[in-house]
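Counting convention: from 1, in listed order, for ligands and their atoms alike.
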Amino acid sequence: MKLRKVTAASAAVLALALSATACGGDSKDDASSSSSGGGGGTIKVGIKFDQPGLGLKEPNGSFAGFDVDVATYVAKQLGYEPNQIEFVETKSADRENALARGDVKFIAATYSINDERKKKVDFAGPYLLAHQDLLVKSDSDIKEGTDLNGKNLCSVTGSTSAQNVKNDIAPKANLKEYGGYSECIAALQSGVVDAVTTDDSILAGFASQSQYKGKFKLAGLKLSNENYGIGVKKGDTATVDKINAALEKMVSDGSWQKAVDKNLGPADYKNEPAPKIGNIVK
Ligand code: GLU
């Protein structure tokens with residue numbers, strides 16, 4: 001009996017190992033990350049790894065979320081099948097450098113288009129309009145941005161969310177900047193901070209996780225407009241044009257709505273309609 005169990009377990013491990021090899025097999029082909037054609041190569045794509053509903057690396061090594069689906073659709077239009085995509089983690093503060101260095105071909109990582117970033121990278125899109133909001137404990141009396149002054153607040157280094165807090169939402173808040181939002185959520189849960197601020201899309205994804213159900217609430221504020229774009233290396237206008245065409249197609253053939261429903265629906269996220277390419281809401 002016992003022996004049989006062990007055998008079954010080893011078979012499962014072996015199957016996993018084999019499938020991991022099959023998936024990762026192409027990814028050693030580094031040079032192809034900068035090729036714009038398809039064919040036999042791979043494409044490196046920057047996403048977040050810790051944002052449920054948007055860009056998440058699952059414990060089994062697979063990837064899920066709206067940004068993952070957008071990236072997969074775009075890559076397909078560029079000539080790459082899903083098994084030719086190598087997802088690379090691009091944290092908020094690393095995105096511009098990852099593109100400048102050529103670590104990734106494009107980035108789909110809740111990446112807001114703004115003038116500062118446009119000095120360093122080019123953007124296709126936008127493909128989603130989100131808004132900055134606050135996540136607090138269910139019994140918190142924090143209701144608006146100004147309530148944060150004097151409170152402990154968490155956001156992420158290199159994000160527009162952190163910048164907006166410092167510039168206008170609550171310059172007197174005690175802002176802690178971490179590397180990723182999952183760290184902020186842990187700090188909120190343990191009481192190290194009183195609130196987490198970033199895009200409502202991200203906060204809704206965390207709040208809907210089973211382990212946090214009933215513990216947190218969104219304030220429901222629209223503290224900013226965050227127009228998500230796909231970042232590419234500065235000057236790579238050919239890729240921008242191709243990605244814009246891909247995003248337009250994704251909306252017109254219904255795949256965009258499907259990806260929204262699948263990934264943001266479970267968090268009960270009330271999304272804005274699909275943006276028009278080039279239409280930045282200030
Ligand atoms: N969308 C905002 C930004 O690009 C906040 C989310 C993030 O850090 O990715 O900065």
Side-chain angles (χ1 to χ4, degrees), residues 45-57 63 65-71 87-100 104 106-135 145 148 153-170 173 175-188 193 195-207 218-219 221-232 260 263-264 267 269 271-272 275 280-282:
V45 176
I47 58 164
K48 295 294 185 70
F49 277 14
D50 71 338
Q51 296 179 188
L54 290 153
L56 188 70
K57 185 172 184 180
F63 299 94
F66 181 65
D67 279 338
V68 172
D69 287 353
V70 169
F87 287 112
V88 175
E89 183 174 33
T90 45
K91 291 180 183 258
S92 297
D94 299 339
R95 292 174 293 198
E96 288 85 22
N97 285 338
L99 288 170
V104 291
F106 67 83
I107 290 181
T110 60
Y111 197 9
S112 300
I113 301 170
N114 68 22
D115 291 342
E116 199 54 36
R117 291 173 179 168
K118 276 203 273 187
K119 290 179 193 158
K120 296 179 185 161
V121 302
D122 283 340
F123 285 103
Y127 64 92
L128 190 75
L129 175 61
H131 306 280
Q132 188 167 350
D133 199 356
L134 310 175
L135 189 73
L148 296 169
L153 175 65
C154 190
S155 198
V156 162
T157 315
S159 68
T160 52
S161 327
Q163 204 55 48
N164 293 339
V165 167
K166 292 185 266 195
N167 290 352
D168 40 67
I169 298 170
L175 177 66
K176 295 181 198 301
E177 295 182 56
Y178 292 163
Y181 296 103
S182 51
E183 295 163 58
C184 284
I185 299 295
L188 179 63
V193 297
V196 177
T197 187
T198 187
D199 306 339
D200 47 11
S201 48
I202 300 172
L203 298 174
F206 279 110
L218 273 89
L221 307 171
K222 287 186 165 49
L223 296 167
S224 71
N225 294 316
E226 303 295 325
N227 301 266
Y228 289 180
I230 299 210
V232 304
V260 166
N263 296 295
L264 305 175
Y269 179 65
N271 66 285
E272 301 272 5
I280 309 293
V281 179
K282 289 277 179 191

Are any of the N or O atoms of [X] closer than 3.5 Å to those of ligand 1?
X: Arg95; result: yes
X: Ser159; result: no
X: Ser92; result: yes
X: Thr110; result: yes
X: Tyr228; result: no

Which of the ligand 1 atoms, numbered from 1, are nearer than 4.0 Å to a heavy atom of [X]:
X: Glu226; answer: 1 (N), 2 (C)
X: Ser161; answer: 5 (C)
X: Thr198; answer: 5 (C), 6 (C)
X: Tyr111; answer: 4 (O)
X: Lys48; answer: 7 (C), 8 (O), 9 (O)
X: Ala109; answer: 9 (O)

*Under a 4.0 Å heavy-atom limit, does Ala130 contact ligand 1 with its side chain, its backbone, both, or neither?*
neither
*Among all protein heavy atoms, pick the one closest to atom 4 (O) of ligand 1 and tell me residue, atom and distance.*
Arg117 NH1, 2.8 Å
*Please step through side chain to side chain donor-acceptor pair (under 3.5 Å) for the pair Tyr228 and Asp199, ending with a clear verdict.*
CA-CA 10 Å; Tyr228 289 180; Asp199 306 339; 2.6 Å; yes
_Candidates Glu272, Glu226, Lys222 - the one meeting side chain to side chain donor-acceptor pair (under 3.5 Å) with His131_ = Glu272
*Where the closest heavy atom to atom 2 (C) of ligand 1 is concerned, which of Asp67, Ile113, Thr160, Ile202 has it?*
Thr160
Spacing of [X] atom [atom1] and [Y] atom [atom2] [to the nearest 0.5 Å]:
X: Asp50; Y: Lys91; atom1: CG; atom2: NZ; result: 6.0 Å
X: Leu56; Y: Lys48; atom1: CG; atom2: NZ; result: 12.0 Å
X: Ile202; Y: Ser92; atom1: CD1; atom2: OG; result: 7.0 Å
X: Leu188; Y: Thr197; atom1: CG; atom2: OG1; result: 11.5 Å
X: Ile113; Y: Arg117; atom1: CD1; atom2: CZ; result: 10.0 Å

*Any donor-acceptor pair under 3.5 Å linking the side chain of Asp133 with the backbone of Leu221?*
yes
*asked:* Centre-to-centre under 6.0 Å for Tyr111 and Phe123, is that the case here?
replied: yes
